[in-house]
Amino acid sequence: MQPVVASEPDGSVRVRGLRVKDAERRVGATALAGVVRAAESDAAAMPRWTWSDTNRWYPLLLAAGVRIERAHDLRLAHRILRHSVPGATLSSEQWDTMPPAALTNGALGAAGHEPATLFGAPGPIEEAVEPDPLAELDAQRAAVAGSCEAARLRLLLAAESAGALVAVEMYHAGVPWRAEIHEDILTEALGPRPRAGERPARLEDLAGRIRAALDAPAGLNLDSPRDLLRAMDHAGVGARSLRKWELERLDHPVIEPLLEYKSLFRLMTANGWAWLDAWVRDGRLRSEYVVGGVVTGRWASRGGGALQLPKSVRRAVVADPGWMFVVADAAQIEPRVLAGMAGDEAMAAAGRGADGRGADLYEGIVASGAVATRELAKVGMLGAMYGGTTGSSGQVLPRLARAFPRSLAFVDEAARAGERGEVVTTHLGRSSPPPGASWHETQSGAYQDGAGEAEAARARSSARSWGRFTRNFVVQGTAAEWAMCWMASIRRRLWALGQVPDAIDGQVPEPFAARPHLVLFLHDEVVIHTPSALAEVVADEVRAAADEAGRLLFGDFPVKFPLSVSVAGSYAQVK
DNA sequence: ATCCCGAGCGCG
DNA sequence: AAAGCGCGCTCGGGAT
């Protein structure tokens with residue numbers, strides 16, 4: 001059954017489609033959790049909860065101790081169907097004018113983007129008048145049914161909605177984070193925590209060495225790129241910018257302390273004491289995931305930067321006593337999904353290995369005789385998928401094109417389509433945005449009267465640039481689809497493993513208190529927090545989920561998705 | 001005082 | 001060793 005949940009202007013909740021078709025119930029907002037819990041525990045029901053926005057509804061259920069198995073997120077589905085080319089494109093003025101409160105992802109944290117410490121505990125979510133979810137669902141069903149790729153779109157919408165559940169659950173659970181270890185890392189690197197407005201001791205030392213090497217006055221502000229560059233110019237360093245890779249090539253006494261300073265400055269500003277104060281509470285990092293936050297369908301993060309955790313602080317990610325992490329990393333997803341999309345038997349074989357269960361794809365390319373070294377195979381494939389043309393990447397492309405013509409032709413065709421201003425689509429049906437008005441103006445500018453070589457060059461450049469975007473879109477977007485299917489499968493398998501925790505008198509049951517659950521996701525890698533006794537079983541399930549995701553996307557096509565899986569007490573111990 | 005943008009770094 | 005995709009985040013500095 002597919003119950004549809006909607007809020008009413010009086011603050012009550014209307015649930016339609018429970019048990020008998022068209023039957024509806026009205027409950028108070030607090031009673032909703034009980035209704036959902038009852039339906040979830042009915043084995044025959046298999047409800048797919050359908051609502052405007054998972055971020056709006058699911059946190060309330062989790063807070064009441066209710067975890068659900070399936071959902072349909074109308075907001076996310078609408079955004080996919082609105083532009084999908086294989087989907088009979090959805091048009092809905094009503095949904096497009098939905099109030100921002102219901103359309104944005106800001107419902108999770110205490111106050112949108114604000115650190116939780118500023119305003120204390122999460123408050124009530126603002127009520128917003130929604131358009132009728134049932135009408136929207138009907139429109140979406142019709143759009144999918146009328147599509148030439150209905151099965152793939154259904155899978156995409158299911159995976160995106162499952163992803164929305166995972167994202168809210170990961171926020172709910174938080175990442176186990178030992179603040180005292182993080183502080184040790186900072187003190188070792190920077191010195192003791194400075195008072196407000198002061199620089200840590202290590203940075204102060206380095207600043208002194210830098211000024212001495214430049215023969216600069218004590219007033220030189222190192223954090224002002226313009227002033228620093230001017231001082232370096234005066235000292236004859238010969239730097240054109242302050243980019244790390246450019247500085248590394250120069251030979252001057254200032255380079256070593258300057259690179260050290262930049263690295264430590266970054267640690268302090270991006271993941272220093274302020275970050276710790278803002279995003280870590282009660283032993284958990286809470287960073288919000290934005291499902292579909294990237295045009296390609298990848299996730300983004302907001303607040304805390306869970307997708308950008310630098311390796312230097314991962315030592316602070318430590319499992320609870322009696323618990324472990326299972327960390328799984330999918331090897332070379334992008335060339336593998338490319339092989340699947342392109343139907344490239346040779347590329348699939350390169351990633352299968354001797355036992356047929358999956359092995360390093362770049363080594364497989366070397367073994368095929370196409371290129372001489374793993375490094376060349378890697379930069380060559382990255383160049384093919386990103387549109388690189390220069391250096392060793394460009395040099396091996398012809399050899400890769402001979403050995404793997406289907407894969408290389410597939411990304412080239414996506415690039416040419418982008419250069420023509422056309423839309424491209426992922427394996428499951430997410431379409432790229434069309435280029436904007438200024439792009440078209442640049443293109444037509446090359447043919448206007450009086451247009452010279454400069455206009456033509458600019459048009460070529462922007463066409464190629466958009467081609468690199470569409471070339472990468474099909475690969476990155478399909479990799480994101482594989483990853484969402486993987487996580488949806490992991491999520492379902494982990495729940496099936498766990499035992500229902502005993503309810504403690506007077507306390508809300510915590511759904512993940514005794515069960516393995518996802519806590520981190522980084523595009524091609526997952527971290528699961530699990531009771532230690534279940535770690536090996538969890539590792540097996542994660543591998544099985546990767547196989548399942550491969551079958552969901554590519555059926556019997558023999559492309560493999562091997563993982564490297566570790567069991568560890570700390571995230572930093574992996575690999 | 002506030003918003004916006006480019007530079008830069010680190011993540012995949 | 002480094003130029004080609006996608007992000008978040010912080011800073012300085014200019015515009016408002």
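All values below come from the heavy atoms of this structure, side chains included, with hydrogens, waters and symmetry mates left out.
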Applying side chain to side chain donor-acceptor pair (under 3.5 Å) as the test, list every pair that has at least one member in [range]; sequence neighbours left out.
range                       : value
residues 247-258 of chain A : A/R209-A/E256
residues 261-275 of chain A : A/R199-A/Y261, A/D223-A/Y261
residues 459-477 of chain A : A/T296-A/Q476, A/D412-A/R471, A/Q443-A/S462, A/E453-A/R460, A/N472-A/Q476

Indicate the atoms forming the closest heavy-atom contact of [X] with [Y], along with that distance.
X      : Y      : value
A/G305 : A/S287 : N-OG, 3.4 Å
A/S407 : A/D344 : OG-OD2, 2.6 Å
A/G304 : A/W279 : N-CE2, 3.3 Å
A/Q332 : A/Y362 : CG-CE1, 3.5 Å
A/L400 : A/I365 : CD2-CG2, 3.9 Å

Q: Tell me whether the centres of the aromatic rings in A/H427 and A/F554 are closer together than 6.0 Å.
A: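 Judged by ring-centre distance (under 6.0 Å), A/H427 and A/F554 do meet the cut-off.
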Q) Taking for each residue the nucleotide of DNA chain C bearing the nearest heavy atom, is the 5' side occupied by A/V295 or by A/T269? A)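 Of the two residues, A/V295 wins.
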Q.
Go nucleotide by nucleotide along DNA chain C from the 5' end; which of A/G305 and A/G383 gets its closest nucleotide reached first?
A.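 Looking at DNA chain C, the more 5' nearest nucleotide goes with A/G383.
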Q: Please list residues of residues 258-266 of chain A whose heavy atoms come under 4.0 Å from any atom in DNA chain B, ordered by number; otherwise none.
A: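 Heavy-atom contacts with DNA chain B come from A/K262, A/R266.
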(Q) Below 4.0 angstrom, which residues in residues 460-482 of chain A have at least one non-hydrogen atom near DNA chain B? (A)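 Of all residues in residues 460-482 of chain A, the ones placing a heavy atom under 4.0 Å from DNA chain B are A/Q476.
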Q.
Under a plain distance cut-off of 3.5 Å, with no hydrogens placed, do A/R226 and A/S224 share a side-chain donor-acceptor pair?
A.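 Side-chain D/A pair, A/S224 to A/R226: absent.
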Q) Between the side chains of A/D73 and A/T54, does any donor sit under 3.5 Å from an acceptor? A)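 Per modelled atom types, A/D73 and A/T54 side chains form a pair under 3.5 Å.
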Write out a two-atom table: protein N or O, nucleotide N or O from nucleotides 13-16 of chain C, distance below 3.5 Å.
residue : atom : partner : partner atom : Å
C/dG13  : OP1  : A/S224  : OG           : 2.4

Check every strand shown and say whether [X] touches a base, only sugar-phosphate, or nothing at a heavy-atom separation below 4.0 Å.
X      : result
A/G272 : nothing
A/S241 : sugar-phosphate
A/L382 : nothing
A/R243 : sugar-phosphate

Nearest-Å distance, [atom1] ([X]) to [atom2] ([N])?
X      : N      : atom1 : atom2 : value
A/L267 : C/dT10 : CG    : C1'   : 13 Å
A/E248 : C/dA2  : CD    : P     : 8 Å
A/M381 : C/dG4  : CE    : C1'   : 14 Å
A/E375 : C/dA2  : CD    : C1'   : 11 Å
A/L220 : C/dG12 : CG    : P     : 13 Å
A/L307 : C/dG6  : CG    : P     : 16 Å
A/Q395 : C/dA2  : CD    : P     : 15 Å
A/H523 : C/dC5  : NE2   : P     : 16 Å

Q) According to a 3.5 Å limit on both distances, what stems of 3 or more consecutive Watson-Crick or G-U pairs are formed with DNA chain C? A)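 Counting only runs of 3 or more consecutive pairs, the stems involving DNA chain C are B:1-12 with C:5-16.
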Q) Are there more than 12 heavy atoms of other residues, nucleotides or ligands under 6.0 Å from atom NE2 of A/H440? A)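 Above 12, so yes.
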Q. In terms of heavy-atom contacts, does CZ of A/R406 have more than 12 from other residues, nucleotides or ligands at under 6.0 Å?
A.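 Not buried by this count: 12 neighbours or fewer within 6.0 Å.
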Q. Which residues satisfy the side-chain hydrogen bond (donor to acceptor under 3.5 Å, both in side chains) test with A/R211, sequence neighbours excluded?
A.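 For A/R211, no residue satisfies side-chain hydrogen bond (donor to acceptor under 3.5 Å, both in side chains) once neighbours in sequence are set aside.
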Q | Residues which pass side-chain hydrogen bond (donor to acceptor under 3.5 Å, both in side chains) with A/E198, listed by chain and number, not counting sequence neighbours | A |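 Testing A/E198 for side-chain hydrogen bond (donor to acceptor under 3.5 Å, both in side chains), a comparison that skips the adjacent residues, returns A/R195.
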(Q) For C/dA2 and A/R249 - does any side-chain N or O of the residue sit under 4.0 Å from the phosphate oxygens OP1/OP2? (A)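 The answer is yes; a side-chain N or O of A/R249 sits under 4.0 Å from OP1 or OP2.
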**Q.** Partner residues of A/E548 under the side chain to side chain contact (heavy atoms under 4.5 Å, CB included) criterion, sequence neighbours left out
**A.**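 By the side chain to side chain contact (heavy atoms under 4.5 Å, CB included) rule, A/E548 matches A/S489, A/R492, A/R493, A/R551, A/L552.
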(Q) The criterion is ring pair (Phe, Tyr, Trp, His ring centres under 6.0 Å); which residues satisfy it with A/F561, sequence neighbours excluded? (A)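 Expected list: A/W482.
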Q: Report yes or no: is there a donor-acceptor pair, N or O only, under 3.5 Å between the side chain of A/E246 and the base of C/dA2?
A: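 For A/E246, whose side chain was compared with the base of C/dA2, there is no donor-acceptor pair (under 3.5 Å).
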Q | Segment of DNA chain B, first to last nucleotide, that comes within the 4.0 Å heavy-atom reach of chain A | A |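 Endpoints of the contacted stretch of DNA chain B: B/dG8 to B/dG12.
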